[in-house]
Amino acid sequence: MFTLITAGVQIYSDYSEDISKVDERMSVIETSYMSSLSRSLWSLDQKLLNVQMQGILNLPDIIQLRLNVYPDSEIVLGELDSNISTVSHTFPLIHNSEEIYTLGELTIVASMEGIYENLKRKVFVILTTQAFKTFFISILILWIFQYLVTRHLGRMAEYAQSLNIKHLDKPLVLDRENTKFNESDELSQVTNAINSMRLTLIDDLQKQYESENEIRKLSLALEQSPSSVLICDRSWKIEYINTKFSQLTGFELNDVISQHPRDINGDVSTQHAQLWDNIQLQVERVGVWQGEIHNTRKGGERFWEQSIITPIKDNEGRPNHYLILGEDISIRKRYEQQLLRQANYDILTGLPNRMLALDRLKLALAQARRDDHKVGLMFLDLDNFKHINDTMGHDNGDSLLIEASRRISSCLRGTSTVARLGGDEFLVILPSLDDDAAAEQVAERILQTFTPPFILTNQEVFISTSIGIAIYPTDSDTSSTLLQHADAAMYQAKDKGKSSFQRFSPEMNQDSHERLQIETRLRRALELEELELYYQPIVQASTGKIIGAEALIRWNNPTLGIISPDKFIPLAEETGLIVPIGDWVLNTACKDIKHWQQTTGMNLTIAVNVSPRQFRDGGFIETVNQVLSETQLDPQFLELEITERLILDKSIETSGIFKHLDEKGIKLSIDDFGTGYSALGYLKSYPFDTLKIDKSFVQDVIESSEDAALVTAIITMAHSLGLKVIAEGVEEAPQLGFLNQHNCDYAQGYFFSRPVPAEDFNNWLTKNIQDNA
Ligand SMILES: Nc1nc2c(ncn2[C@@H]2O[C@@H]3COP(=O)(O)O[C@H]4[C@@H](O)[C@H](n5cnc6c(=O)[nH]c(N)nc65)O[C@@H]4COP(=O)(O)O[C@H]3[C@H]2O)c(=O)[nH]1
């Protein structure tokens with residue numbers, strides 16, 4: 001367009017120039033020819049006029065001359081074609097002498113055809129050249145544009161089209177050199193913009209990927225959470241439940257969607273509604289609620305759930321959802337209840353245990369204080385229970401305890417409590433007592449219920465109980481002191497011959513205090529070297545000649561004085577202290593007898609008492625072997641005295657131990673024979689060497705024909721089984737005479753010597769040897 005305008009302007013300018021040339025020519029004619037023509041006309045020189053006019057007509061573009069001579073002649077030269085465009089100029093012909101005469105006028109007609117032809121030609125040339133020029137320039141421009149811009153734009157378009165999230169790794173690179181100029185041009189700017197858009201996209205995608213991953217992870221965590229998850233909207237309508245919730249409750253999302261969590265278990269009680277009101281209130285005010293909810297599964301089964309309920313807040317901190325996490329704690333709850341039961345009840349008898357008993361006692365005391373009543377407290381201990389337990393086994397012991405607790409309970413009113421404190425100890429609480437006598441009546445009833453025998457493995461066993469009674473507020477107003485007092489009274493009842501009850505009296509405190517003191521001090525007796533062995537000689541009944549000695553322990557406590565084994569051995573057995581004490585006894589006795597063997601040259605035997613508890617201790621055989629090897633005592637001179645209790649105790653694997661001891665050559669004697677069940681069968685089954693008749697029989701052997709018959713029978717039976725017999729507790733000559741008469745092998749008792757310290761025994765030994773020399 002620009003080219004056409006410039007070409008038009010150019011053509012117009014040329015055209016104007018051609019027109020002005022015609023005008024110029026007319027002017028030239030006017031100036032050059034008009035005066036000569038006027039003269040020729042004035043002079044009427046036709047010829048010259050013609051020459052002159054012909055001369056004008058020959059001028060370019062002039063095609064006709066019309067000379068109008070005044071007044072009425074006209075000379076016309078040249079043809080005029082009506083089809084062509086012309087331009088004419090008329091000049092007056094004036095003769096200028098003294099006067100001015102207008103002779104005529106000359107009209108010169110010039111053809112415009114030349115101008116137009118020229119114009120056409122120029123237009124054609126200009127347009128053609130301009131067209132070519134424009135075409136080539138356009139081609140050039142196009143090529144340049146294509147090379148510099150379009151192909152890059154194409155590349156950009158292609159890149160943009162192929163740009164998707166899977167192909168973001170390659171940046172857009174244009175196929176051109178990186179010149180300084182290029183770096184800052186628009187293409188570079190667009191390329192950079194696309195590449196930075198690519199990077200932003202990659203970054204955004206990465207972030208999106210990460211946040212998707214995060215969301216996926218969280219959603220999986222929620223879905224697979226071991227806790228049940230429930231999400232409610234802001235009006236507590238359920239929107240989401242996880243798998244665990246379905247597993248736990250049996251409800252699917254469709255069952256509970258849009259429901260309030262309160263309503264899903266179908267509990268319409270006001271208590272349940274109240275609970276949820278409180279939960280909502282607390283969650284909205286405090287931001288969290290946790291606690292236990294007793295829920296119902298779809299099938300109707302109840303279960304305990306530990307729940308945590310919190311709001312899920314939006315960015316402005318407004319709660320727009322609620323999260324309910326739950327965990328089935330039914331097993332824990334059951335376990336807790338079981339533990340609670342175990343913590344409060346005795347498993348064997350189902351009675352309240354010490355803890356619950358003390359609680360109940362405190363409660364009873366508080367009530368009695370309010371109502372100005374009395375409370376009776378009884379401490380019961382079964383007599384000889386330990387013996388039954390050891391001899392008849394723990395199963396029988398357990399049955400006995402169960403039956404005993406049943407019998408005690410049967411003597412009580414509903415408000416009273418009977419509790420098992422442990423072992424064979426029971427506690428009875430009699431709340432709201434009117435007078436002291438009422439407690440004694442109950443004690444009497446209990447004693448009576450123990451009269452019928454207990455049947456243990458088809459065997460009738462008679463067992464009694466000793467009861468100590470303390471009364472609130474007479475004896476004390478605190479639970480702990482009352483207990484101590486009842487305990488002390490119980491010990492008193494036991495001391496007074498068992499199967500009885502005793503009311504507490506202030507003097508008793510002393511006894512129970514003593515027991516505690518003994519226990520504490522016994523624990524340190526070994527290390528303080530307060531224990532000592534006494535020896536009592538065992539002699540040949542017929543000659544009185546010593547054959548050995550029995551080691552009997554004594555405890556010399558600087559504060560308590562000499563304490564007899566009857567007082568502290570049961571305690572040592574209860575506490576397990578008998579094991580280290582027994583080891584010490586065995587070691588000391590073997591060492592001493594070895595010494596006396598060496599000094600006298602006699603084959604003296606040492607008899608050592610062994611408690612069942614020592615047998616139960618896994619290391620007993622090892623201890624015996626070690627002692628023998630350390631003291632170098634020949635095993636045949638060691639005699640272990642065991643009681644019937646041990647043999648009848650099914651909980652100890654005795655036969656293997658006996659076999660080992662027997663194989664080693666160690667002697668075994670059965671102690672206190674006749675006091676237990678005297679099941680003769682075991683005498684045959686075990687490798688006993690000696691039988692010791694209990695002193696209670698020996699002592700009455702002269703006065704009591706029954707005991708005499710019993711002693712005679714025991715000696716005969718023992719001999720028939722190949723056992724030697726030792727009679728214990730021989731105090732008088734007639735007793736020895738009786739024993740000799742019935743061929744008793746050995747004797748032991750005050751008649752010969754009391755148990756004496758090692759040094760005294762040594763003296764006695766020297767004297768005995770001399771006497772029998
Ligand atoms: N009335 C009277 N008593 C006599 C006579 N001769 C001996 N005694 C006593 O009778 C008891 C005999 O011992 P045990 O039956 O084995 O009975 C022993 C024994 O079962 C146990 N014991 C003693 N020392 C030990 C020991 O080292 N270990 C174990 N486990 N128990 C021991 O303590 C019980 C009592 O021992 P001790 O008080 O020393 O009492 C001893 C002894 O002093 C007598 O003529 N008349």
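Counting convention: from 1, in listed order, for ligands and their atoms alike.
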**Prompt:** What residue and heavy atom of the protein are closest to atom 43 (O) of ligand 1, and at what distance?
**Reply:** Pro755 CG, 3.2 Å
**Asked** Does the distance from a Lys or Arg side-chain N to an Asp or Glu carboxylate O, for Arg503 and Asp475, drop under 4.0 Å?
**Response** yes
**Message:** Once you restrict to heavy atoms under 4.0 Å, what part of Gln748 touches ligand 1? Side chain, backbone, both or neither.
**Reply:** neither
**Asked** Considering only protein heavy atoms, which is closest to atom 5 (C) of ligand 1, and at what distance to one decimal place?
**Response** Tyr750 CE2, 3.2 Å
**Item:** Heavy atom of the protein closest to atom 15 (O) of ligand 1 (residue, atom name, distance)
**Value:** Asp672 OD1, 3.1 Å
**Asked** For ligand 1, which part of Glu550 has a heavy atom less than 4.0 Å away: the side chain, the backbone, both, or neither?
**Response** side chain
**Prompt:** With no hydrogens and no angle check, is any side-chain donor or acceptor of Asp700 less than 3.5 Å from a backbone partner on Asp707?
**Reply:** no
**Asked** Tell me, which protein residue and heavy-atom name are nearest atom 14 (P) of ligand 1, and how many Å apart are they?
**Response** Asp671 OD2, 3.8 Å
**Prompt:** Does Lys692 pair with Glu728 as a salt bridge, N-O distance under 4.0 Å?
**Reply:** yes
**Prompt:** Below 4.0 angstrom, N of the basic side chain to O of the carboxylate: do Lys724 and Asp689 qualify?
**Reply:** no
**Request:** Begin with the C-alpha distance, continue with both residues' side-chain angles, and end with the deciding distance and a verdict on ring-ring contact (aromatic ring centres under 6.0 Å, His included) for Trp764 and Tyr535.
**Result:** CA-CA 10 Å; Trp764 188 92; Tyr535 293 95; over 10 Å; no
**Asked** Looking only at protein heavy atoms, which one is nearest to atom 30 (N) of ligand 1, and how far off is it?
**Response** Ser611 OG, 3.1 Å
**Request:** Return yes or no for this condition: an N or O of Lys695 is under 3.5 Å from an N or O of ligand 1.
**Result:** yes
**Prompt:** Would you say Ile578 has any N or O atom under 3.5 Å from an N or O of ligand 1, going by distance alone?
**Reply:** no
**atom 33 (O) of ligand 1 - nearest protein heavy atom and its distance** = Pro565 CB, 3.4 Å
**Message:** Yes or no: does Gly582 have any heavy atom under 4.0 Å from an atom of ligand 1?
**Reply:** no
**Prompt:** Does the ring centre of Phe658 sit less than 6.0 Å away from the ring centre of Phe688?
**Reply:** yes
**Asked** Any donor-acceptor pair under 3.5 Å linking the side chain of Arg407 with the backbone of Thr449?
**Response** yes
**Inter-residue atom distance Glu639.CD - Ile606.CD1, 0.5 Å rounding** = 10.0 Å
**Request:** Could you tell me whether Asn609 approaches ligand 1 through its side chain, its backbone, both or neither, with non-hydrogen atoms closer than 4.0 Å?
**Result:** both
**Item:** Test item, Arg554 contacting ligand 1 (heavy atom, 4.0 angstrom)
**Value:** yes
**Prompt:** Just which atoms of ligand 1 are under 4.0 Å from any heavy atom in Gly749?
**Reply:** 6 (N), 45 (O)
**Request:** Measure the spacing between CG of Leu377 and CZ of Phe504 and express it to the nearest 0.5 Å.
**Result:** 12.0 Å
**Complete:** Closest to atom 2 (C) of ligand 1 (heavy atoms only, candidates Arg754, Glu641, Gln536, Glu731) is Glu731
**Message:** Any heavy atom of Gln699 closer to ligand 1 than 4.0 angstrom?
**Reply:** yes
**Message:** Taking Asn768's backbone N and O only, do any of them form a donor-acceptor pair with Asn772's side chain (distance below 3.5 Å, no angle check)?
**Reply:** yes
**Request:** Mark yes or no for whether Asn556, through its side chain, and Ile562, through its backbone, hold a donor-acceptor pair below 3.5 Å.
**Result:** no
**Prompt:** Any protein heavy atom sitting closer than 4.0 Å to atom 40 (O) of ligand 1?
**Reply:** no
**Prompt:** Any non-hydrogen protein atom below 4.0 Å of atom 17 (O) of ligand 1?
**Reply:** no
**Request:** Compare every heavy atom of Ile715 with every heavy atom of His742, then report the nearest pair and how far apart it is.
**Result:** O-CG2, 3.2 Å
**Proximity to ligand 1 by part of Val730, non-hydrogen separation under 4.0 Å** = backbone
**Message:** Students should be able to answer this: which protein heavy-atom is nearest to atom 35 (C) of ligand 1, and at what distance?
**Reply:** Asp566 OD1, 3.5 Å
**Asked** Roughly how far apart are Leu661 CG and Ile657 CD1, rounded to 0.5 Å?
**Response** 7.5 Å
**Message:** Minimum distance, heavy atoms only, to atom 12 (C) of ligand 1: which one of Gln735, Arg613, Glu728 is it?
**Reply:** Glu728
**Prompt:** Between the side chain of Asp346 and the main-chain N/O of Thr349, is any donor-acceptor distance below 3.5 Å?
**Reply:** yes
**Asked** Nearest to atom 42 (C) of ligand 1, what protein heavy atom do you find, and at what distance?
**Response** Leu552 CD1, 3.8 Å
**Request:** Give the atoms of ligand 1, by number and element, whose distance to some non-hydrogen atom of Val585 is under 4.0 Å.
**Result:** 27 (O)
